[in-house]
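What follows is one structure encoded as structure tokens, with my remarks underneath.
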Amino acid sequence: MNLHAVRAIYHFEMARAWRTLMQSIVSPVLSTSLYFIVFGAAIGTRITEIEGVSYGAFIVPGLVMLSLLTQSISNASFGIYFPRFTGTIYELLSAPVSPLEIVLGYVGAAATKSVILGLIILATAGLFVPLRIEHPVWMIVFLVLTAFAFSLFGFIIGIWADGFEKLQVIPLLLITPLTFLGGTFYSVNMLPPFWQAVSMFNPVVYLVSGFRWSFYELADVNVGLSVAATFGFLGLCLAAVWWIFRTGYRLKT
Amino acid sequence: MTPIIAVSNLSKTYASGFQALKRINLEIRRGEIFALLGPNGAGKTTLISIVCGIVNPSEGEVLVDGRDIAAHYRAVRSMIGLVPQELTTDAFESVWATTSFSRGLFGRPPNPAHIQKVLRDLSLWEKKDNRVMTLSGGMKRRLLIAKALSHEPQILFLDEPTAGVDVELRKDMWNIVRALRDSGVTIILTTHYIEEAEEMADRVGVIAKGELLLVEGKEALMRKLGRKQLTLQLRERLAEVPASLAKYKLELGAEGNTLVYTYDTQAERTGITALLDEMGGAGIGFVDLHTDQSSLEDIFVDLVRKTR
Ligand SMILES: Nc1ncnc2c1ncn2[C@@H]1O[C@H](COP(=O)(O)OP(=O)(O)OP(=O)(O)O)[C@@H](O)[C@H]1O
Ligand SMILES: [Mg+2]
């Protein structure tokens with residue numbers, strides 16, 4: 001195991017986050033605060049509570065999830081796409097590193113950033129609403145696993161993309177809609193039965209539901225299903241990354 | 001002694017269907033400076049990229065220090081440093097950070113003293129805290145060399161190291177390369193500047209259109225393919241070359257006061273004595289004479305022309 005390489009990549013990626021502190025930390029915090037003002041304050045006056053939890057507090061797990069998904073993807077996809085774009089990837093390809101080490105470095109750094117971000121958003125949310133975390137260990141487990149899974153997903157997008165537009169397209173066209181329709185700002189149980197059934201095909205529902213359960217013990221689906229969905233997605237992404245490196249897909253000519 | 005790099009029957013066909021390398025066989029000796037010479041698109045970068053693991057070969061085998069580059073990629077790659085042709089750098093990093101990064105990536109524990117030495121050798125020490133994007137082109141080129149040397153490789157690939165580097169710096173770079181060779185590093189460089197190969201290399205390989213045309217010690221190559229020209233400064237102007245001397249294929253200078261005789265150094269007889277005798281017979285006197293040996297450039301242009 002080339003641990004020096006893992007460390008080098010990880011530090012490199014973390015240093016990038018410090019350089020772009022505005023993008024990495026400040027802007028998601030700002031947008032979360034805006035969500036709070038708009039959804040929490042405005043809609044919160046109409047929907048006072050959901051299943052005994054104040055609306056403002058109810059949306060916190062969903063908001064964290066929303067940032068976690070989008071930031072994991074954008075961080076990891078950019079991290080690997082940029083060297084491909086500038087050509088500095090030559091160094092990575094010619095280095096004595098295994099796919100596992102590359103993934104640990106890049107995805108580890110992206111996931112770390114997302115987890116830190118998630119915690120900052122939680123802290124920010126704590127300023128607006130009283131927070132309650134029933135199962136802190138599970139909360140961290142969901143946070144870390146989701147961050148890893150979606151950083152892996154972002155890594156795959158960063159390898160697949162052959163232009164900056166493609167880097168945006170999946171988060172924009174797939175993840176954002178799925179997250180907004182995934183019970184981030186409402187309980188799926190509030191939907192008419194037909195849309196409830198449709199929602200069950202949305203994987204984000206399982207992630208948000210499990211995460212919310214760790215806060216308030218409120219869940220749209222069984223927690224076991226949430227755990228399974230998280231691991232399932234993680235496994236799927238791992239398999240895809242394994243295939244990419246085995247075939248040299250888009251990395252080598 | 002086993003060659004440090006052994007390439008056998010190496011072919012590369014890109015996804016586009018273009019065959020960039022055609023059954024290349026090449027051995028690089030330990031500790032030599034090997035120059036790979038060829039026109040644009042010859043396949044030099046492709047060949048280097050395969051050895052370094054950036055491009056997948058289509059066919060054939062590459063052994064580095066006796067080990068297969070795919071099966072033993074870890075051991076093999078940690079021996080190799082690569083300076084790419086393109087100036088690809090991390091614009092936002094500092095010189096120090098990007099050089100240290102390279103060392104870590106190649107599996108070496110941090111060693112600030114070594115990084116410092118490399119940066120000093122390449123006259124980049126004053127710039128160590130500068131962002132890469134603030135460097136000039138020549139400095140970026142040297143930075144790429146510093147990155148490649150950061151992990152103390154035994155083999156160094158330089159893909160057109162002096163492109164865009166001024167004459168002064170080019171001399172510096174040659175000195176650095178020689179010093180590296182003297183410290184035991186094997187160096188493979190590609191170049192368009194023939195003077196570079198001529199100045200630097202122990203052996204030269206000429207490649208064109210994906211085929212390795214020849215590999216030869218530099219001196220042997222010059223001797224083997226070298227033509228010499230004998231220039232005679234005439235006592236009196238000539239209007240034309242006398243018919244009696246036609247068989248020597250002499251060229252008359254524009255002024256009419258020089259005669260140039262081209263001969264092959266490999267030939268059994270150069271014909272010089274006979275020529276001078278016959279000139280004396282024809283009453284053509286000369287006041288001075290000198291010979292020129294064709295440069296690698298001429299040899300190279302000749303060779304490449306023959307393959308067209
Ligand atoms: N990724 C690729 N896909 C298709 N063709 C390629 C690719 N890379 C290189 N080629 C082709 O392979 C041939 C050899 O290219 P290569 O870069 O190895 O040449 P070179 O000898 O390094 O040239 P130069 O002196 O210009 O750097 C060229 O015709 C080039 O167009
Ligand atoms: Mg080239």
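We name chains A, B, ... by the order of the sequence lines, and we start the count at 1 in each one. Since this is a predicted model, take the numbers as computed values, not measurements.
For A/P96 against B/S78, the heavy-atom pair with the smallest separation is CG-CB, 3.9 Å.
A donor-acceptor pair is defined here as one N or O able to donate and one able to accept, closer than 3.5 Å; no such pair exists between the side chain of B/K147 and the backbone of A/E91. Remark: side-chain polar atoms of A/R7 are not paired, donor with acceptor, to backbone N or O of B/L105 under 3.5 angstrom. For A/N2 (side chain) and B/F106 (main-chain N/O), no donor-acceptor pair under 3.5 Å exists by modelled atom type.
Both the backbone and the side chain of B/S102 come within contact range of chain A, judged by heavy atoms closer than 4.5 Å. Proximity to chain A is limited to the backbone of B/T89, based on heavy atoms less than 4.5 angstrom apart. Contacts between A/L92 and chain B at a heavy-atom distance below 4.5 Å involve backbone atoms as well as side-chain atoms.
Surrounding CZ of A/F245 are more than 12 heavy atoms belonging to other residues, nucleotides or ligands, all under 6.0 Å away. Around the CZ atom of A/F231, the shell of radius 6.0 Å holds no more than 12 heavy atoms that belong to other residues, nucleotides or ligands.
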Residue pair A/F12, B/E93: steps toward the side chain to side chain contact (heavy atoms under 4.5 Å, CB included) verdict = CA-CA 9 Å; A/F12 182 92; B/E93 285 289 319; 3.5 Å; yes

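Using a 4.5 Å cut-off on side-chain heavy atoms (C-beta onward), B/S49 and A/Y90 make no contact. Proximity of B/T88 to A/T86: side-chain heavy atoms (C-beta onward) are nowhere separated by under 4.5 Å. Residues B/R108 and A/H4 have side chains not in contact (no heavy-atom distance under 4.5 Å, counting atoms from C-beta outward).
Between chain B and the options A/A15, A/G105, A/G87, heavy-atom pairs under 4.5 Å are most frequent for A/G87. Ranked by heavy-atom pairs under 4.5 Å with chain A, the first of B/T98, B/V76, B/V55, B/N56 is B/N56. Listed options A/H11, A/E101, A/R16 were ranked by heavy-atom pairs under 4.5 angstrom with chain B; first place goes to A/E101.
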